[in-house]
Protein chains: 2
Amino acid sequence: MKKNVQPTSPEGETIAFTAECPGRAVFNHIASRWGLLLLVTLGERPLRFHLLRDSIEGISEKMLSQTLKFLVRDGLVRRLVEPTIPPRVTYELTPIGGELAAPLRDLVGQLGRRVPDILAAQVAYDRQP
Amino acid sequence: MKKNVQPTSPEGETIAFTAECPGRAVFNHIASRWGLLLLVTLGERPLRFHLLRDSIEGISEKMLSQTLKFLVRDGLVRRLVEPTIPPRVTYELTPIGGELAAPLRDLVGQLGRRVPDILAAQVAYDRQP
DNA sequence: CGGTATCCCATGCGATACTG
DNA sequence: CAGTATCGCATGGGATACCG
């Protein structure tokens, strides 16, 4: 039997996902270059398409659109259209998206606090051949 | 001024990273296909190279080695070598790695619990053209 | 404004083979 | 056992142009 990570309990032995299980696909959407950043950004407040693009430095419209579509399909993000002219589209986290975004905010917060330590570790690592 | 995410406070307005800041590179190591899975897996217990490979379904030795190297350089993972023959190499989280892995375990736990809801959302999404 | 379509290149990543 | 080296393709993803 494969060792791999079933989404078991908090105290379970293995935590991850098998290569083919549906959870793994969702996991990949989240653990992607833009997915995580998107969830964290939307975790702060709902945003419209262009504001989202401006808030996430470096993302192209294509990837923004594509990543949003995955997250909407997974039920983590909701797409709200006001049928004005021009249209006004807002994206916001669903309750489930919010649950998942919360630990990600923690992650980013911790990471931000630890950047100096990490930089120091990199310098130390690079010093030795 | 760019909107982008400085690693500010828990209650700060923006949370993410600018495209070029050092935190973003680390963030990308974590938010990669294998980085997140690796941190979660090592969050449970230290593991040797081959066990790690067996624990993370689908990872190749190349990507395992490469991703581990990034994480070691960032100071999130420690590499312990017992100079026996054959050598025995164990990887474990550093304290900083542990801090960052904790919210990721939460994420995976939440995700696991929500898989049924997510699957339902996907079905609903696919139903409408 | 909020996208989609197309093109195309960079790289991520797996497969295989080899090494200390 | 714990990797590195090389190869090659599939995919990610940026640039540009276009549409309702």
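Throughout, protein chains are lettered first and strands after them, A, B, ... in sequence-line order, and every chain is numbered starting at 1.
- A heavy-atom distance below 4.0 Å to DNA chain D is reached by these residues of residues 69-84 of chain B, ordered by number: B:Lys69, B:Arg79.
- Bounding nucleotides for the chain A contact on DNA chain D, 5' to 3', at a heavy-atom distance below 4.0 Å, are D:dG13 to D:dA15.
- With contacts defined as side-chain heavy-atom distances shorter than 4.5 Å, the pair A:Thr94/A:Val77 does not qualify.
- The minimum heavy-atom distance between B:Glu99 and A:Gln110, with the atom names listed, is OE1-OE1, 3.1 Å.
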Atom pairs, N/O to N/O, protein against nucleotides 11-14 of chain C, distance under 3.5 Å?
residue: C:dC13; atom: N4; partner: B:Lys62; partner atom: NZ; Å: 2.9
residue: C:dG14; atom: OP1; partner: B:Gly58; partner atom: O; Å: 3.3
residue: C:dG14; atom: OP2; partner: B:Ser60; partner atom: OG; Å: 2.8
residue: C:dG14; atom: O6; partner: B:Lys62; partner atom: NZ; Å: 2.3

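- B:Arg33 meets the salt bridge (Lys or Arg N to Asp or Glu O under 4.0 Å) test with no other residue; sequence neighbours excluded.
- Between A:Leu64 atom CG and C:dG3 atom P there is a gap of 8 Å when expressed in whole angstrom units.
- A heavy-atom distance below 4.5 Å is not found between the side chains of B:Leu42 and B:Leu71.
- We find that CD1 of B:Ile85 is positioned 18 Å from P of C:dT19, with the value rounded to whole Å.
- With sequence neighbours excluded, no residue forms a ring pair (Phe, Tyr, Trp, His ring centres under 6.0 Å) with B:Phe49.
- If you measure from atom CG of A:Leu68 to atom C1' of C:dT4, you get 14 Å, rounded to the nearest angstrom.
- With sequence neighbours excluded, the residues forming a salt bridge (Lys or Arg N to Asp or Glu O under 4.0 Å) with B:Arg78 are B:Glu92, listed by chain and number.
- Counting heavy atoms from C-beta on, the side chains of A:Ile30 and A:Val26 come closer than 4.5 Å.
- Of the inter-residue distances, the one linking A:Glu61 atom CD with A:Leu68 atom CG reads 11.5 Å to the nearest 0.5 angstrom.
- Here the straight-line distance linking atom OG1 of B:Thr90 with atom CG of B:Leu51 works out to 9.0 Å at 0.5 Å rounding.
- Atom CG of A:Leu51 and atom P of C:dG2 are 8 Å apart (whole Å).
- Side-chain contact between A:Phe17 and B:Leu111: present, with at least one pair of heavy atoms (C-beta onward) separated by less than 4.5 Å.
- Rounded to whole angstrom, the span from the OH atom of A:Tyr91 across to the P atom of C:dG2 amounts to 9 Å.
- A distance-only check finds a donor-acceptor pair linking the side chain of B:Arg105 to the backbone of B:Gly43 [under 3.5 Å].
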